Amino acid sequence: ADLIGGGGRGGSGRTVTWGFDPVAVQNNGDAIKDALYENGLSEDITVEFVPRDQDTGAARSNYNRLLNAGETDPDMFLMDNGWTNIFIQRGQLQNLSEALPEELVSDVADNYFSAFTDTARDPGSGDLFGVPVFPDFPTMQYRKDLVEEAGYNPEGENWATEPMTWERWSNIAEDVNDNADTDYGFTTQWDIYEGTACCTFNEIMSSWGGAYFGGRENLFGPIGDRPVTVNEPETISALNMMRKFVHDEDAEDQFSSYGGGFTPTNILGWIEEASRAPFAEGNSVFHRNWPYSLALTGRNPDNTEDPALGENLGAMPMPYAVSESDAAQPGTGGTTSALGGWHMTVNPNINNQEDVVSVIRAAMEPEFQLELLSIQGWLPPRPELFNSSDAQNVDVVGRYMDTLQVAGNNTMARPVTAVWSDQSTNIAQQANRAVGQEASSADAMATLQSALEDTESQ
Amino acid sequence: MAKLKLENVTKRYDDQGDVVTAVDDMNLDIDHGEFICFVGPSGCGKSTTMETIAGLTIPTEGTIHIGDRDVTNLPPKDRGIAMVFQNIALFPHMDVYDNISFGLRLRDYPTEEIDRRVERAADIVQLEGMLGRMPEEMSGGQRQRVAIARAIVREPDVFLMDEPLANLDAKLKVHMRTELQRLHKELDTTIIYVTHDQEEAMTLSDRIAVLNSGSLQQIAPPLTCYNEPDNLFVAGFIGSPSMNFVEGTVENDQIETKNFSIAFDPSTVDGVGVGDSVTIGIRPEDIYPGALRDEVSDPSSLIDTRTDILEPMGDEIFAYMLLGQGETSMSQEQATNDQLLMSIDPDSDIAEDEDMQVVIDRSNVHLFDTATGEAITHSLEAAWNSESVTEGEAESDD
Amino acid sequence: MAKLKLENVTKRYDDQGDVVTAVDDMNLDIDHGEFICFVGPSGCGKSTTMETIAGLTIPTEGTIHIGDRDVTNLPPKDRGIAMVFQNIALFPHMDVYDNISFGLRLRDYPTEEIDRRVERAADIVQLEGMLGRMPEEMSGGQRQRVAIARAIVREPDVFLMDEPLANLDAKLKVHMRTELQRLHKELDTTIIYVTHDQEEAMTLSDRIAVLNSGSLQQIAPPLTCYNEPDNLFVAGFIGSPSMNFVEGTVENDQIETKNFSIAFDPSTVDGVGVGDSVTIGIRPEDIYPGALRDEVSDPSSLIDTRTDILEPMGDEIFAYMLLGQGETSMSQEQATNDQLLMSIDPDSDIAEDEDMQVVIDRSNVHLFDTATGEAITHSLEAAWNSESVTEGEAESDD
Amino acid sequence: MSTETGRESRRSGVLVDAMRWMENLSDTQYAYLLLIPVFVLLGVVALYPLLRTFELSLYATSLDLTGRSFVGIDNYVQLFTGGKNRFLPGGTTFIPSSLSLNALLNSALVVTIIFAVVSVAFETVIGLGQALILDQDFSGRKWVRAAIIIPWAVPIVIQGMVFFLMFNSNVGFATAPLADLGLLAPTNTLNDTASATFIIIVADIWKTSAFMALLILAGLQSIDRGLYDVAKVAGASKWQQFKLITFPLILPTIGVAVLFRSVQAMRVYGIIDTVSSCSVVPSLSCMVVATFNTREGTAAAIAFVTAAIIGVAVMGLIAWQGEDAI
Amino acid sequence: MATTTDDDNSSEGPLARWTQSAIQNPEKVYRALFYVAMVFFLVTTLFPFYWLLVLAVTPSGRLLSGSFLPSVDLFGVSATFPLPVPKGFNPEAFITVFEQVPFHLYMLNSFALAVTTTVIVIVVASLAGYVFGRLRFPGRAFLMLGILAVSYFPPAAFVIPLFQAFAGNAPITLPFTEIPLFTPPRLLNTPGSMVLPFSALFMPLSIFILTTFYGQIPDGLEDAARVEGTTRLGALFRVIMPLSAPGVATAAVLTFIAVYNEYFFSSIMATSTEAARWSPIVGGILSYQTQYTTQYNLMAAASIIGVLPVVILVIVAQERIVSGLTSGALKE
Ligand SMILES: Nc1ncnc2c1ncn2[C@@H]1O[C@H](COP(=O)(O)OP(=O)(O)OP(=O)(O)O)[C@@H](O)[C@H]1O
Ligand SMILES: Nc1ncnc2c1ncn2[C@@H]1O[C@H](COP(=O)(O)OP(=O)(O)OP(=O)(O)O)[C@@H](O)[C@H]1O
Ligand SMILES: [Mg+2]
Ligand SMILES: [Mg+2]
């Protein structure tokens, strides 16, 4: 195939190039293409996946450069919801509200996870610039066997769909960990990296009723005209709770009824895989992670060389501290899952739009989305599909569809704006410092507060 | 065709403000096929002159012609020259064969031709079995011979050789000299040759160019330089051991020196008058023991001396004779006026530290103007005597 | 204390299977304070021997003692030597002053002492104004003088000098020689000196060591080597121009050669009998024009020759004389039997291509066994005659 | 002779003419002629983009990232007055906000300089040591040389991975012993600025000592062995030979090595990104990368300031080494 | 070791005897020091490599859990073994590497890019090295500093304009103006878009190295070559370059390896990390990462595979170049 002359192709050859996840291309590229054709894509149109960089940051830079240079290749992109917004703001993407037929636009508006879809809209106009392909929601995963051994009844108490409070959860974690042969009660990610800012810290803070910028309605701006609300009791409490979990420290006597000391300081340097490894080995009771972890850890240990838990893996929605109604910041509280996931967006420099629309149409077919779940493990962007038997029957992940649906309905997106990348490193760093006991939670948040205010005011 | 002409060539090195004039307004006219030796004290500019001819150094001033071409700015490769460098400069990364054949290979000669020439050259310099050696595996003399071979395979118009035999033993030197002469004839080339070996200069060259401090002192056939040196410098430089110099004053009928006087009629020679300060030059072989006075063609009166040190050389003896109150000293320069060096037959009956009378052959006594160093006459008999050489140059007239 | 003793020193280079024996079973015994010159053809192992003494090369076999110490495996720095290298090897990154003072600075001499010595050395080698120059800014001879100065400031027990004057002009050479002799006396050191300049070897050394192909041919005082060479090699090598060799056969009362015969009584000498093949050696200065027969102490009968080429050298003339049907050729080696080289007075009345009779001084005729090359006698008169030298060595009795 | 000239003329006339023309140029003309390829290449691939980037640095990116406006040198001014600190990752300041240890370690400038000085110093010494060893004659030298070069051939990602995993809190085995020695923080090691800097310096030394060693070795191999003979006879001990002959003669090579290592070290980025993160060890290049996607003007300004700082450092280095370094 | 000198006779231990002989023959001490230093350097440079090997053969699932330092039972006392050892043994990683991605293609890409760049750099830098090392002319120091200055800039400073130029979508404009000059050819995803910047960016180092080395060749040798009939340029390639072989080889090796592993530019100029778009070896290595997981074992195996042949090649080549061309010391 002529991979080099991409720029000259421009639709004449009826080819649609799509910047795509490299691993998916590598493992299932052909199957995914087949699925597109099965879902109505004309055989006249050749779809060609262009694998992007594995690292999301690198991919973003790459697309940024391409679009800056007016590149026509590829025609479509798969974009992380963490930075789609920035491309929208810069006007570097095709406005799909205009380019897509009305029925597709309203299908997205009506039938997709709306919090997820929001990350593909222009916050000002509400116009759609990307169609969600798959969302990613974390769940609290656990050793069902150990929990049951310790006398709890996850099935009976419906842990899979009923969120519990952090207080109860922490006591269970401490209790089970004390009584089992595990080193850790809980593993999660708290390194200085995007994942802490966008997700782990964001989740916990939100479950305490906190938010970075005064609640859900300010997530995507307006920059400078929204309050910075990290130096608030709910946020500090969230951090203090983490300190309780990690260090069993309770300076303000706030967490005496909580369990603690069951989380290793290692989380300060952990990202996803590092934190999953001990859990998959059976060395931790609880573990917070994305669906991919369910897929890997939930495998039957007999079928894989890698450590796995099989049916002993349980999942539940993330615990919470305050309910939605008690939340200090509007739109927060209750069980909260951070929001990951990818959208498909369109290169504005192309002239084979109809073909691209055909591809999008096929990719929006529920059947296609279920197929992706089945072959690639990507969750469908439509909540209704979580209930489908097709979904439930998917190996491993299918077992946790109900939990995932709860998570999907309770997501909190990261506040992506033009300044988010400046902010996120600050957030991750202060969150890390606080939990690492390098500063008190209050001091860390005070520092963060002024840093965020700095970045907001420009 | 391979005439060589240097006009007003000057080369100055500017060494951080400290200007060194290596070659000073040099004018040379060398005929096709001539064999010229450059001689002169260390640092007098011989190598630098060669380099300007080769094109390795661009003269600060002046022009150079080879044949009819002005080559002053031509690169070395277009000048049709080959050169043997004083510092040998073998390519350390090539074996002897490659070193010798370098120039031929550059010119794409056919392999057999190269082989033939290299073998012949190796033969001439007696390095037959060593073509595969690397330079570092050879002795100093062997390296020098490779350098010579590298030049002669080229068969150029002009050969430049900067002390090519310095590291060879006497015997090999003689052999190489003969070969060079043969080559010179055979190839009909012009050769410019730097040497500090008088014998070499004498036997090889058509003309000797004597340099001092960057400027040309005399260029003339060897015996002319020996017998009729243009000035004190040439007189002292040519000949080994070198000429004895004694300072004196011209009187009516003689020249008076500190320790002896010698008969002389100033009217026989132009440009000298009574009262002038002159320097007398006497070659060691023109001094004879008093006993041999009869055999000397134009003997001076007897001079009282005392033998100091005797240096037997095998085929002759150098006898240092003290004049007057002269003190023992082997060094020549310290003793200009109080010492005479005499060369005598090895069979002579002579011992150190004895009184002895000597006699000088007046017909071979040179006279120089002490102030300017210019030669006045080369024989005290009369100005017309310049034995055994025909093309005597006109005396410089002060 | 600074005696030097080489015992069975052998050095072989293994050059990819191709073994070169640079030094072959060398035995030397050098006294404290001696001045020894190494001479020999290019590549004969002079430098290599020096290097083994210096400790730069470890001999393949044999031991070396300096004083009473076995230094065979001692590093150079502990041997108390200084060396002038044939390839000069100045430190390119140091100026002249730093080059000269290198060894002193290593030994932490006080600055004034260093300054004093460097100045003195620069004075000796006549480089006074050049202490600040870098090596690349100097002429070949100047560099060599720096190398000499670098060695003499050290004032060591043993000096090793490998052709230290090769690049100097005659005058400077004479000056340097005198200085070296003075230093030798002053410092009371042992000096080993490589030179290819016979005059240098003659004037400087207490003893000359003649090397050939890595092995020692003779070690003896200069005039002994000149007058009583141990073998054909030494005879031919020492003396310039070199000895004439004529092959002959011993008869009852004479030696018969192709073109002439010379009276000789074999019974006066041990180890030679009638019918033996011998080689006669005659030095050029021992051949005289027939006219001078009366002045020769022990003249041979007159020999008919024809002058071939004349080489006037200034202080003498080299005359190539053809014997019998000999053909014109300037090369010495081609002409062993048909040519005699004669050195005569420059005043002599002689012309090329003329018939001329010559006479040989029989008292200075050498006789060698043609097969072994060993000397038989050095005078045809009788075995006891070895004029002008007292310490005549015993003749080899072969 | 005639044969020589005959052969010459057989070659193509144009080529000969061109050659002759070249040979006749003065030194200066010849120098500039030979430099043309370099300058064409550098002009196209370096000078042009740099001018463009410089142009970029005179513009500010608007709040919504959609447009840009000309601000002159404001980007530069703000960089030094702290106005840009808010765009730098994790509370980093450009120049230190105070002289406290924390503030110093938070300053991109200071961290970069610390990294460069320490790592280059160690690399030079170690590289020199390695080169001296490789310069000896011993059997198996080829393999020892291979071993010593290997780190240089390891891609930075892998170098980062190797050290990251060595100090990783799950499986890293190196943290504990070093923490016992007080060299590292025992927990959260890779997020502790001092510890992470230490580890990154070690990683850098491991990899780039080979660079130094290779270069210095080449210098050593070019030294005329005859000079050692002279020195030995003059009485120089091994150490003195090194000090007086080897060292001065390889000094130009060391100079080049140090110069380029310093320049490289002051642009350190990859190893930081792979072992720790730019918010923990905020090098100057990190700042450029961190801002390039969103704030091109700022990033361009930082890039130029970085270059200027390196330029100043290089000038210092050259002045210190003496003019003949250039 | 200097402490235990002469305690008389007989009862000397081997150490004392060694010391004794060492004092007599300091060479021995140097030799010993030399070996100590060599072993030290070998261990320190090779240890991380050993660690890489440990990682490569450890099964991926076990990489991030449990310690690499096994407990050993030493006569009842349990201690931690001080060296990391593989957790399990999975040599298939070295095969899997090729199964997952066409790693050999990435290697070939790197190889081709590196060879091309190295040749360009050495030729062009040789010219410059000759000029700066051997000629004196006005502006020399200034130009050298100018060339050096190119390496001051973080690579990111070149990227955006270069990328736009190489995309060939719009005409190049005169900097600081909107005046269009010409539309460059499209080079993205071709070797040209990488070789050009590599050449420019690695050039200064090579120029400086070669300047140093060429400057040290005695003038006499160049003179000899010129008299023998080379042009100045001919003398450069026939005499000066071969004589500077250690320097040239080193410059080449440094450039070659740097390009072979280069990632920044190649990842940008290849718009996707496919082997077919000239992505280099590092692109291949990074292909073993997925969004959340990293197959460290494969990355380790891949980098061993990627690195070893180059190192060996370079070693063999360099040894040959250097020993073949400079078996003599550099003297006139
Ligand atoms: N490294 C080496 N490898 C092989 N052969 C060598 C080596 N060094 C010297 N030789 C050979 O050993 C012999 C003696 O060399 P040496 O340098 O001692 O000669 P020399 O007497 O000093 O000669 P010259 O007067 O020419 O300097 C020569 O034939 C030389 O070729
Ligand atoms: N690069 C330079 N810089 C400064 N001075 C120089 C340079 N090269 C040569 N000289 C000086 O120029 C003068 C002439 O040097 P040249 O090499 O021509 O002498 P030479 O006659 O060949 O002497 P020798 O017989 O010693 O080789 C010397 O005084 C020397 O010091
Ligand atoms: Mg000279
Ligand atoms: Mg020698």
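Naming convention: chains lettered A, B, ... in sequence-line order (proteins, then strands); numbering from 1 in each chain. Note that the coordinates shown come from a computational prediction; the quantities given were computed from them, not determined experimentally. Any value given below was found using the heavy atoms of this structure, including those in side chains, with hydrogens, waters and symmetry copies removed.
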Does the pair F40(E) and I133(D) meet the rule for a side-chain contact (heavy atoms from CB on, under 4.5 Å), with working shown? CA-CA 11 Å; F40(E) 171 78; I133(D) 281 185; over 6 Å; no

Any non-hydrogen side-chain atom of L52(E) less than 4.5 Å from a side-chain atom of M161(D)? yes

Taking every heavy-atom pair that is under 4.5 Å apart, which of F49(E), Y263(E), Y296(E), F68(E) has the most such pairs with chain D? Y296(E)

So, the side chain of N261(E) versus the backbone of A153(D): is there a donor-acceptor pair under 3.5 Å, distance only? yes

I126(D) versus chain E, the contacting section by heavy-atom distance below 4.5 Å: both

Residue E296(D) versus chain E: region with a heavy atom under 4.5 Å: side chain

Okay, T212(E) and chain D: the region with an atom under 4.5 Å from a heavy atom over there is side chain

Winner by heavy-atom pair count (cut-off under 4.5 Å) against chain D, out of I281(E), I285(E), V248(E), L143(E): L143(E)

Chain E contact via F39(D) - side chain, backbone, both or neither, heavy atoms under 4.5 Å: side chain

Could you check whether F34(E) and F138(D) have their ring centres less than 6.0 Å apart? yes

side-chain contact (heavy atoms from CB on, under 4.5 Å) assessment of W51(E) paired with F173(D): CA-CA 11 Å; W51(E) 170 230; F173(D) 51 86; 3.3 Å; yes

For M38(E), which atoms come within 4.5 Å of any heavy atom of chain D: side chain, backbone, both, or neither? both

Using the rule side-chain contact (heavy atoms from CB on, under 4.5 Å), only one of V38(D), L33(D), L34(D) pairs with V131(E); which is it? L34(D)

Is the backbone N or O of P155(E) less than 3.5 Å from a side-chain atom of R267(D), with the two atoms forming a donor-acceptor pair by type? no

Among V310(E), V307(E), L308(E), who wins on heavy-atom pairs under 4.5 Å with chain D? V307(E)

Exercise: do R52(D) and T173(E) side chains pair donor with acceptor under 3.5 Å: yes

When T253(D), V44(D), L215(D), V157(D) are compared by non-hydrogen pairs under 4.5 Å with chain E, the top option: L215(D)

Could you check which of V159(E), I120(E), I172(E) has the highest count of heavy-atom pairs closer than 4.5 Å to chain D? I172(E)

Kindly give the heavy-atom pair with the smallest separation between Y48(D) and A165(E), and that separation in Å. CE2-CB, 4.5 Å

Would you mind checking which part of F260(D) comes under 4.5 Å of any heavy atom in chain E, side chain (CB onward), backbone (N, CA, C, O), both or neither? side chain

Given the options S199(E), G306(E), P138(E), A149(E), which has more heavy-atom pairs under 4.5 Å with chain D than any of the others? P138(E)

Contacting region of L47(D) [heavy-atom separation from chain E under 4.5 Å]: neither

Salt bridge D27(D)-R134(E), side-chain N to carboxylate O under 4.0 Å: no

Whatever's closer than 4.5 Å to a heavy atom in chain D on A300(E) counts as both

Side chain, backbone, both or neither of L201(E) within contact of chain D (heavy atoms, under 4.5 Å): neither

Part of Y59(D) within contact of chain E (heavy atom distance under 4.5 Å): neither

Atom group of A157(E) that falls short of 4.5 Å from chain D, counting heavy atoms: both

Okay, L254(E) and chain D: the region with an atom under 4.5 Å from a heavy atom over there is both

Side chain, backbone, both or neither of F132(E) within contact of chain D (heavy atoms, under 4.5 Å): side chain

Answer yes or no: are there more than 12 heavy-atom neighbours, outside F47(E) itself, under 6.0 Å from its atom CZ? yes

Indicate yes or no: at least one non-hydrogen side-chain atom of L249(D) is less than 4.5 angstrom from one of Q216(E). no

Does any non-hydrogen side-chain atom of P48(E) lie less than 4.5 Å from one of K207(D)? no

Residues T53(D), F158(E); criterion side-chain contact (heavy atoms from CB on, under 4.5 Å); working and verdict: CA-CA 7 Å; T53(D) 304; F158(E) 302 91; over 6 Å; no

Can you tell which part of F264(E) gets under 4.5 Å to a heavy atom of chain D, answering side chain, backbone, both or neither? neither

Side-chain heavy atoms of F153(E) within contact of F304(D), under 4.5 Å: yes

Structural part of I160(E) lying under 4.5 Å from a heavy atom of chain D: side chain

Please classify the contact of A46(D) with chain E as side chain, backbone, both or neither, using a heavy-atom distance under 4.5 Å. both

Does the side-chain contact (heavy atoms from CB on, under 4.5 Å) test come out yes or no for Y30(D) and F137(E), once each step is laid out? CA-CA 9 Å; Y30(D) 192 62; F137(E) 60 96; over 6 Å; no

Turns out that what part of M266(D) lies under 4.5 Å from chain E's heavy atoms comes down to neither

Choice from V263(D), I158(D), L51(D), I36(D) maximising heavy atom contacts with chain E below 4.5 Å: I158(D)

Among I309(D), I310(D), V312(D), which one satisfies side-chain contact (heavy atoms from CB on, under 4.5 Å) with Y152(E)? I310(D)

Given heavy-atom pairs under 4.5 angstrom as the criterion, report whether the side chain, backbone, both or neither of F163(E) touches chain D. neither

Counting only non-hydrogen atoms closer than 4.5 Å, does Q136(D) touch chain E with its backbone (N, CA, C, O), its side chain (CB onward), both, or neither? side chain

For P37(D), which atoms come within 4.5 Å of any heavy atom of chain E: side chain, backbone, both, or neither? both

Taking side chain as everything from C-beta outward and backbone as N, CA, C, O, which of these in I209(E) sits under 4.5 Å from a heavy atom of chain D? Side chain, backbone, both or neither. both

Just so I understand: if I count every heavy-atom pair under 4.5 Å between each of A303(D), G270(D), P177(D) and chain E, which residue has the most? A303(D)

Residue P184(E) versus chain D: region with a heavy atom under 4.5 Å: neither

Answer key: most heavy-atom pairs under 4.5 Å with chain D among V282(E), L127(E), T231(E) is T231(E)

How long is the straight-line distance from CD1 of I150(D) back to CD1 of I312(E), given to the nearest 0.5 Å? 7.5 Å

At a 4.5 Å cut-off on heavy atoms, which part of T250(E) comes close to chain D: side chain, backbone, both, or neither? side chain

Among A147(D), A213(D), S285(D), G172(D), which residue has the highest count of heavy-atom pairs closer than 4.5 Å to chain E? A147(D)

So, do Y269(D) and P154(E) sit near enough that their side-chain heavy atoms are less than 4.5 Å apart? no

Do any N or O atoms from the side chain of W152(D) and from the backbone of I257(E) form a donor-acceptor pair under 3.5 angstrom? no

Select one option (side chain, backbone, both, neither) describing which atoms of L42(E) are under 4.5 Å from chain D's heavy atoms. side chain

Most contacts with chain E, counted as non-hydrogen pairs under 4.5 angstrom, among I149(D), V144(D), V288(D): V144(D)

